[in-house]
Amino acid sequence: MRRTKTRLGRGLGALIATATAAAGLAAAPAAAAPAASGQTVLPGQTCTAADLGKRHPVVKTTEVTPTITHFKGWYVTQGSTGSHTVTTSTQTTISVSVGLNGTVQGSFAVEALASVGASLGLNVQVNYSSTSSESNSITWNFFEPGYYGLYKGTKKVTGTYGSLNCNRVQQNDGSWALKWIEGADTGSYTTYTALEEGAVRCEDKVPANSIMRKAQDLLDCGSATATAKHPAGPVPSAKADAAKARHEAEKAAKAEKVVKATGSPAPATRAALSCQAGAYRIDVPGKPLNWSAPLLANDGIRLRESTIFSAHLDNWLLCNVTERNGVIEASLKNWGNGGCATIPANIANQEQAYLTTANCGEDDLQRFYIYRDVPGSSKIGMQNKYTGSMMGHDRYADGELIRQYSSGRQDGTGTYTLTGV
């Protein structure tokens, strides 16, 4: 699709209307049939207007690292073999997370982790949990004397993901079709395989890059601790202590970074927004209800019917509009109250957080990606730039809040119509 400053300057209405009947709605090739229910969605597959308000994850990178979560050095003498119950100390705490907020919320996160597990052939954890909550007690039967490292460990799986969104694509013959494309949203994930426990000695031959080898590395093999005579029971490991200290420092630094990223300072007010000429209603297709901004600061954007008393609260301006790879990015400024659509910062990490308006500012919570139907149709889907979630509503009813859904509304209620007024 050709894009010029001139076309952007004519407003989104012109962008939607460009290449109407002459271009036609091209039939999709048979090889790119829409994905059936439960089938994996792939880039380039066709989608429908009902998919404009949905998204699916695509795994971009993966890394698997053996990680020790609990550890204790233990000395077994000739007379102390047999079964022992050993209390280990927590070495590393890891938890499942997808995206910015450090938790797993919504169907998108679950689908993303399922994709990760499938791509690696591993059973990874999907439910939110932390290794710090695991029991640190290990019962082990020692057959030989020696210096052991008792451990619990896992394979930590990290990487990055993107999202597949439904958007219009111009084909080689100039016609248009709706297809799943890689959207602008990206993020990172952390998960892990099931915990395993065991005991390893310095002299044991173990596979490289295994959990057991990682535990063996924490033993002070060759040191005075490992070679000297000891009474039966726990012995210190300087390597384990140093590794734990490094993890705690990294954990503290990461926590500070998360606090800074998810804080909710008031956005810096823009001197002025560059808004396109003309205003729009954001309608439910074929029905009278549309997005209406709140009169009160503590209320949200709701579905309302336009009347003579609407006071322009149902009229929206598209501001600071850009376009990249066929996807519009814009701020939505309300004509009636002068505020910009946003997800409240203090609940932005929550599934089904509601949409409201606030003073317009330089804030990604106030920026939205707009996915469009083929020219000739004004249907759209919207995605918040900061959270990555799609906009939608739980049910069609007067006064129903507009909310964010991580994967969008699977019944198609996240598809809206942008109507010029």
Side-chain angles (χ1 to χ4, degrees), residues 7-18 49 52-53 267 269-323 327-344 354-363 365-373 376-385 390-393 396-404 413-421:
R7 287 185 64 193
L8 269 178
R10 291 188 302 205
L12 189 58
L15 285 168
I16 290 175
T18 302
L52 288 169
T269 302
R270 301 176 197 251
L273 290 176
S274 175
C275 299
Q276 293 182 345
Y280 301 88
R281 284 201 314 271
I282 305 173
D283 301 305
V284 176
K287 298 183 178 180
L289 300 183
N290 56 82
W291 289 21
S292 182
L295 278 172
L296 304 176
N298 61 349
D299 197 5
I301 296 172
R302 297 178 181 272
L303 290 179
R304 300 288 190 195
E305 187 169 358
S306 294
T307 70
I308 59 173
F309 304 107
S310 295
H312 293 301
L313 291 172
D314 53 359
N315 293 339
W316 299 87
L317 305 173
L318 300 179
C319 306
N320 288 25
V321 179
T322 61
E323 182 182 356
V327 179
I328 292 289
E329 181 185 328
S331 297
L332 307 175
K333 183 177 181 180
N334 188 259
W335 187 357
N337 69 13
C340 283
T342 187
I343 303 292
Y354 65 90
L355 195 63
T356 187
T357 55
N359 292 335
C360 296
E362 295 285 356
D363 190 339
L365 282 168
Q366 297 183 6
R367 299 290 287 173
F368 294 84
Y369 299 120
I370 301 176
Y371 300 93
R372 296 168 288 167
D373 199 355
S377 168
S378 56
K379 290 182 179 179
I380 61 167
M382 280 199 283
Q383 178 182 28
N384 186 265
K385 182 177 182 178
M390 309 300 293
M391 300 300 105
H393 54 273
Y396 180 76
D398 184 67
E400 185 70 16
L401 284 166
I402 303 301
R403 301 179 183 274
Q404 66 172 2
T413 52
T415 295
Y416 297 99
T417 301
L418 204 64
T419 306
V421 296

Any luck finding a side-chain donor-acceptor pair between Thr357 and Asn337 under 3.5 Å?
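A donor-acceptor contact under 3.5 Å links the two side chains.
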[X] and [Y]: which non-hydrogen atoms are nearest, and at how many Å?
X      : Y      : value
Asn315 : Arg281 : OD1-CG, 3.8 Å
Ala279 : Leu317 : CB-CD2, 3.8 Å
Ala49  : Thr415 : O-OG1, 2.7 Å
Leu418 : Ile282 : CD1-CG1, 3.9 Å

Verdict with reasoning, Asp373 to Leu52, per side-chain contact (heavy atoms from CB on, under 4.5 Å)
CA-CA 7 Å; Asp373 199 355; Leu52 288 169; 4.0 Å; yes
Less than 4.5 Å apart, side chain to side chain, heavy atoms only: is that true for [X] and [Y]?
X      : Y      : answer
Trp316 : Trp291 : yes
Leu355 : Ile343 : yes
Tyr371 : Met390 : yes
Val327 : Ile370 : no
Arg367 : Asn384 : no
Val284 : Tyr396 : yes
Ser378 : Tyr280 : no
Thr417 : Ile380 : no

Please report the C-alpha distance between Met391 and Gln404 in whole Å, then the side-chain angles of each, then the deciding distance to 0.1 Å, and finally whether the side-chain contact (heavy atoms from CB on, under 4.5 Å) criterion is met.
CA-CA 5 Å; Met391 300 300 105; Gln404 66 172 2; 3.6 Å; yes
Counting distance only, does the side-chain N/O of [X] pair as donor-acceptor with the main-chain N or O of [Y] below 3.5 Å?
X      : Y      : value
Asp363 : Leu365 : yes
Asn320 : Leu273 : no
Gln366 : Asn359 : yes
Thr307 : Phe309 : yes

Cationic N near anionic O, under 4.0 Å, Arg304 to Glu400:
no
Measure the [atom1]-[atom2] distance between [X] and [Y] for me, rounded to the nearest 0.5 Å.
X      : Y      : atom1 : atom2 : result
Ile301 : Asn334 : CD1   : CG    : 7.5 Å
Cys319 : Leu332 : SG    : CG    : 8.0 Å
Leu313 : Arg302 : CG    : CZ    : 13.0 Å

Can you tell me if the gamma sulfurs of Cys360 and Cys340 fall under 2.5 Å?
yes
Chi angles and distances behind the side-chain hydrogen bond (donor to acceptor under 3.5 Å, both in side chains) call for Ser306, Asn290:
CA-CA 7 Å; Ser306 294; Asn290 56 82; 3.0 Å; yes
Under 6.0 Å between the ring centres of His393 and Tyr416?
yes
side-chain contact (heavy atoms from CB on, under 4.5 Å) for Val321 and Glu329? Distances and angles first, verdict last.
CA-CA 6 Å; Val321 179; Glu329 181 185 328; over 6 Å; no
Relative to Phe368, does Lys385 satisfy both conditions: NZ or CZ under 6.0 angstrom from the six-membered ring centre, and within 45 degrees of the ring's axis?
no
Under the side-chain hydrogen bond (donor to acceptor under 3.5 Å, both in side chains) criterion, do Ser292 and Asp314 qualify, and how do the steps go?
CA-CA 4 Å; Ser292 182; Asp314 53 359; over 6 Å; no
